[in-house]
There are 2 protein chains.
Amino acid sequence: MNKPCNAEMMLENQLCFSIYSLSNAMTRAYRPILEAIDLTYLQYIVMMVLWQEQQVNVKVLGERLHLDSGTLTPLLKRLDSKGLIMRRRCEMDERVRLISLTDEGKQLQTEASKVPSQMRCHVDLDMQEVEGLKLKVDKLLMLLLDSKA
Amino acid sequence: MNKPCNAEMMLENQLCFSIYSLSNAMTRAYRPILEAIDLTYLQYIVMMVLWQEQQVNVKVLGERLHLDSGTLTPLLKRLDSKGLIMRRRCEMDERVRLISLTDEGKQLQTEASKVPSQMRCHVDLDMQEVEGLKLKVDKLLMLLLDSKA
DNA sequence: ATCAAATTAATTGCGCACAACCCTATTGCA
DNA sequence: TGCAATAGGGTTGTGCGCAATTAATTTGAT
């Protein structure tokens, strides 16, 4: 009566489930550390872009993070209400939102710069192993992103 | 005036962001395929456990998937309202919910068995590469899950 | 100059994730 | 036997992700 349980239908054999679980586990690991600077993981990621870029619009931000405005708009409003960013309109093109840091947002970078070392402290990774993993992950990511275009 | 932008604070250098983006990209890739059997990715994952196990409680399901009741309870209610599963109480211990498949839920396995090959069709992966990646991902996942206990 | 097409964000609605909390049933020990 | 501690799930609230739709603006072709 039971269907044959072929190997590829076993949960344990699915790369996708491993990636999914690891992604959840990593944001869980970041949570207590980021709590100290009152940011979620995605908010931290957005702030990292702004610490690099000074000023971006929603479209560019979405391209860098592979996320759309339905995710970013409410998140940016939350960062705004925390006083970390400003959301002005572009004068040349009124459709465009220009996102930039407030002084408070800039100052947060000092606190945030401690986060990576705190994470390493918690997990203790082999840096060479990490680099190898990242290369493989990025390769697969590129494949998936390209197959959409 | 600008803060020094040390390498570890560059978004592109963060393994975590790569994993996070890949996880999003993969569930995006599954979406159109799973649409045909009216399941989300997580619902598909839960069904896979049930196709293997016949019967589980919420606790065991949560342990297999690394998820808690706050995520699973509403999801199981949705699968119930689709007529794919039953949610009975255990007679021995009234606290326990026993999750099992309906006939409809069992029959869905036939349709679902086509999903893995459809995914491979879309992406075209080197199977040896995938296996190597999965090993590394699982290793890191184990590290993170253990560090909580 | 006009108006259709394209671009950029915002909004809405649904389904996760998870923390924090609550309730109930069971267990274990004094 | 009584009752505190524990275990199993459910509820609520917040914050993502993303599809689908809408609104406002700009561009571009006639």
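Residue numbers begin at 1 in each chain, while the letters A, B, ... track the order of the sequences. This structure is a prediction, so every number in the text was calculated from the model and none was measured.
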Check: Taking OH from A/Tyr30 and P from D/dC16, how many angstroms apart are they, rounded to a whole number?
Finding: 16 Å
Next item on the list: Would you mind classifying the nucleic acid contact of B/Asn24 as base, sugar-phosphate or nothing, using non-hydrogen atoms under 4.0 angstrom?
Entry: sugar-phosphate
Check: What is the distance, rounded to the nearest whole Å, between atom CG of B/Leu76 and atom P of C/dA17?
Finding: 13 Å
Margin query: I need the minimum non-hydrogen distance between A/Glu53 and A/Arg64, along with the two atoms involved.
Written below: OE2-NH1, 2.5 Å
Item checked: Rounded interatomic separation in angstrom, taking CG from B/Asp80 and P from D/dG10 -> 11 Å
Check: B/Met92 has an atom CE; how far is it from atom C1' of C/dT26, in whole Å?
Finding: 13 Å
Notebook entry, point to check: Do you know which two heavy atoms are closest between A/Gln43 and A/Leu39, and how far apart they sit?
Noted result: OE1-CA, 3.5 Å
Enumerate all atom pairs, one protein N or O and one N or O from nucleotides 7-9 of chain C, separated by less than 3.5 Å.
{"from": "C/dT7", "atom 1": "O2", "to": "A/Arg95", "atom 2": "NH1", "distance (Å)": "2.3"}
{"from": "C/dT8", "atom 1": "OP2", "to": "A/Lys59", "atom 2": "NZ", "distance (Å)": "2.5"}
{"from": "C/dA9", "atom 1": "OP1", "to": "A/Val58", "atom 2": "N", "distance (Å)": "3.4"}
{"from": "C/dA9", "atom 1": "OP2", "to": "A/Lys59", "atom 2": "N", "distance (Å)": "2.8"}

Next item on the list: Tell me which of A/Glu35 and A/Lys77 sits closer to the 5' end of DNA chain C, going by the nucleotide each one is nearest to.
Entry: A/Lys77
Note to self: Does the plane of the ring in B/Tyr44 sit parallel, tilted or perpendicular to the ring in B/Tyr30? Use 30° and 60° as the thresholds.
What the structure shows: tilted
Check: Using the C1' atoms of the five pairs at each end, what is the angle between the end axes of the helix from C/dA1-D/dT30 to C/dA30-D/dT1, to 10°?
Finding: 0°
Note to self: Please report the distance, rounded to the nearest Å, between CD in B/Glu94 and C1' in C/dT26.
What the structure shows: 11 Å
Item checked: Nearest non-hydrogen partners of B/Arg88 and B/Ser100, listed with the distance -> NH1-OG, 3.3 Å
Next item on the list: Is it possible for you to say whether A/Val123 and B/Leu145 belong to one hydrophobic cluster, with membership spreading through side-chain heavy-atom contacts below 4.5 Å?
Entry: yes
Check: Under 4.0 Å: is that the gap between some side-chain N or O of B/Arg28 and OP1 or OP2 of D/dG17?
Finding: no
Notebook entry, point to check: Looking only at heavy atoms, what is the nearest atom pair of B/Ala25 and A/Leu141, with distance?
Noted result: CB-CD1, 3.9 Å
Note to self: Rounded to whole Å, please give me the gap between CG in A/Leu61 and P in D/dC18.
What the structure shows: 14 Å
Check: Taking the nucleotide of DNA chain D with the closest heavy atom to each, which residue, A/Leu67 or A/Glu91, is nearer the 5' end?
Finding: A/Leu67
Margin query: Expressed as a whole number of angstroms, how long is the span from A/Leu145:CG to D/dG17:C1'?
Written below: 15 Å
Note to self: Output the rounded distance in Å from CG (B/Asp68) to C1' (D/dT11).
What the structure shows: 12 Å
Next item on the list: Examine A/Leu101 and A/Leu98 and state if one hydrophobic cluster contains both, with Ile, Leu, Val, Met, Phe, Trp and Tyr joined whenever side-chain heavy atoms are less than 4.5 Å apart.
Entry: no
Protein-nucleotides 12-16 of chain C N/O pairs closer than 3.5 Å?
{"from": "C/dC16", "atom 1": "OP1", "to": "B/Thr40", "atom 2": "OG1", "distance (Å)": "2.6"}
{"from": "C/dC16", "atom 1": "OP2", "to": "B/Gln43", "atom 2": "NE2", "distance (Å)": "2.8"}
{"from": "C/dC16", "atom 1": "OP2", "to": "B/Arg78", "atom 2": "NE", "distance (Å)": "3.0"}
{"from": "C/dC16", "atom 1": "OP2", "to": "B/Arg78", "atom 2": "NH2", "distance (Å)": "3.2"}
{"from": "C/dC16", "atom 1": "O5'", "to": "B/Arg78", "atom 2": "NH2", "distance (Å)": "3.2"}

